[in-house]
Amino acid sequence: MNNPLPRSYFEQSPLTVAKDLIGKYLTVKTPLGVVKSVIVETEAYLGHLDPASHAYKRQTKSNEVMFLSPGVLYVYFTYGMHYCMNVKCWPYGTPGAVLFRGIEPIKGVSTLLKIANKSQKFELSNLTNGPAKLTKVLKIDKSYNGLDICLRSSTVKIFPNDDFKGKICKSPRIGISKNKDKQWRFYLDGNKFVSHFKQSNFSC
DNA sequence: TGAATGATCACG
DNA sequence: GTGATCATTCAT
């Protein structure tokens, strides 16, 4: 069995990590069993350099884990009802993160359907093709904020995928009002687990 | 296109 | 305290 991606991997720029995470394996130990997925969509947030980042101007109670060690999760609550999951990048003290926006489950599919209370016929992509959808079905909430995913013992881990072959495209990030021109969203071309499948402004 | 729904932050 | 905003989702 491989080791999960090490802390040094997450010390890189969020832009580097966001693009490189496409195609890698995400494993999450849910209350009902382990689910393994392929990461198919991410976005980079560049902390002090990025007006759209939650850590652009200052360090607060809610964004503090983005200033901690690379490889910890940053989970935030938004719109009064949703959780979104990021992994902290860049070295300790320098805020930055990669948001998980879409994943394709490949093991533990029945577990996911059970958590969502859906039948085998349900279109699986509708459960994981959005940042708040995937946290909901994986039962990721604020209690995961600050979790270190570089440890073998962690309930969330990311593993390499040496066989990955696929075309990675990029586009502006979804749902932000600042820094809209930057193409800091990355996704696997043609994959149905990618959110906002129909988007005009992209390049590959 | 707009409602749901609540935490957070800037302001003064 | 008040109001605006929000890295979303779903129904209309």
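Every value quoted in this text rests on a predicted model; they were computed, and no experiment measured them. Values reported hereafter were calculated over all heavy atoms of this structure, with side chains retained and with hydrogens, waters and symmetry mates removed. Within every chain, numbering begins at 1; the chains are lettered A, B, ... in the order of the sequence lines, protein sequences first and strands thereafter.
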Query raised in the report: Quick one: A/Glu123 CD to C/dT9 P, roughly how many Å, whole number?
Result: 16 Å
Query raised in the report: Would you say the side chain of A/Val137 lies within less than 4.5 Å of the side chain of A/Val35, judging by non-hydrogen atoms?
Result: no
**Report entry** Side chain to side chain, A/Leu46 and A/Trp184, heavy atoms closer than 4.5 Å
**Finding:** yes
Report summary line: A/Met66 CE to B/dT8 P, in whole Å, measures 14 Å
Query raised in the report: Taking NZ from A/Lys180 and C1' from C/dT5, how many angstroms apart are they, rounded to a whole number?
Result: 14 Å
Query raised in the report: Are side-chain N/O atoms of A/Asp20 and A/Tyr9 paired as donor and acceptor at under 3.5 Å?
Result: yes
**Report entry** Ring-face cation contact, A/Tyr45 with A/Arg173, 6.0 Å cut, 45° max
**Finding:** yes
Query raised in the report: With nearest nucleotides of DNA chain C determined for A/His196 and A/Lys178 from heavy-atom distances, which residue corresponds to the more 5′ nucleotide?
Result: A/Lys178
Query raised in the report: To the nearest angstrom, how far is A/Tyr74 atom OH from B/dA7 atom C1'?
Result: 11 Å
Report summary line: To the nearest angstrom, the CG-C1' distance between A/Asp50 and C/dC6 comes to 15 Å
Query raised in the report: Within the structure shown, what part of the strands sits under 4.0 Å from A/Ile176 by heavy-atom distance: base, sugar-phosphate, or nothing?
Result: sugar-phosphate
Report task. Rounded off to whole Å, could you give me the OH-to-P distance for the A/Tyr83 and B/dG6 pair? Result -> 11 Å
**Report entry** ring centroid sep under 5.5 Å plus plane angle under 30, A/Tyr76 with C/dA7
**Finding:** no
Query raised in the report: Is A/Cys89 close to A/Gln12 at the side-chain level, that is, under 4.5 Å between some pair of heavy atoms?
Result: no
Requested in this report: Under 4.0 Å between any heavy atoms, over every strand shown, what does A/Lys133 touch: base, sugar-phosphate, or nothing? Just pick one.
Outcome: sugar-phosphate
Requested in this report: Let me have DNA chain B in dot-bracket notation, would you? Count Watson-Crick plus G-U wobble pairs, both distances under 3.5 Å, and use [ ] for pairs crossing earlier ones and | for inter-strand partners.
Outcome: ||||.||||||.
Report task. Just compare C/dA7, C/dT8, B/dT8 and give me whichever is closest to any side-chain atom of A/Ser62. Result -> B/dT8
Query raised in the report: Under 4.0 angstrom, heavy atoms only, what part of the nucleic acid is A/Thr60 near: base, sugar-phosphate, or nothing?
Result: sugar-phosphate
Query - Nucleotide B/dA4, atom C1' - distance to CZ of A/Phe77 in whole Å - result: 11 Å
Query - Cation over ring face, A/Lys36 and A/Tyr25, 6.0 Å, 45° - result: yes
Query raised in the report: Quick one: is A/Thr78 getting a side-chain N or O under 4.0 Å of the B/dG6 phosphate, OP1 or OP2?
Result: no
**Report entry** Phosphate OP1/OP2 of C/dA7: any A/His54 side-chain N/O under 4.0 Å
**Finding:** yes
Requested in this report: Establish whether the base of B/dA4 is bridged to the side chain of A/Tyr79 by a donor-acceptor pair shorter than 3.5 Å.
Outcome: no
**Report entry** Residue-phosphate contact under 4.0 Å: A/Arg101 side-chain N/O, C/dT8 OP1/OP2
**Finding:** yes
Requested in this report: Compare side-chain N and O positions of A/Arg58 against OP1 and OP2 of B/dA10 and report whether any pair is under 4.0 Å apart.
Outcome: yes
Query - Minimum-distance nucleotide to A/Ser177 side chain [options: C/dC6, B/dT5, C/dA7] - result: C/dC6
Requested in this report: Grab the CG-C1' distance between A/Asn129 and C/dT8 for me, whole Å please.
Outcome: 12 Å
Requested in this report: Answer with base, sugar-phosphate or nothing: what part of the nucleic acid does A/Ala132 contact at a heavy-atom distance below 4.0 Å?
Outcome: sugar-phosphate
Query raised in the report: For the residue pair A/Phe77 and A/Tyr83, does the interplanar ring angle fall in the parallel (under 30°), tilted (30 to 60°) or perpendicular (over 60°) class?
Result: tilted
Report summary line: Closest of B/dA4, C/dA7, C/dT8 to the A/Met81 side chain is B/dA4
Query raised in the report: What do you reckon, is CZ of A/Phe202 surrounded by more than 12 foreign heavy atoms closer than 6.0 Å?
Result: no
**Report entry** DNA chain B: 5'-proximal contact among A/Asn63 and A/Gly80 (nearest heavy atom)
**Finding:** A/Gly80
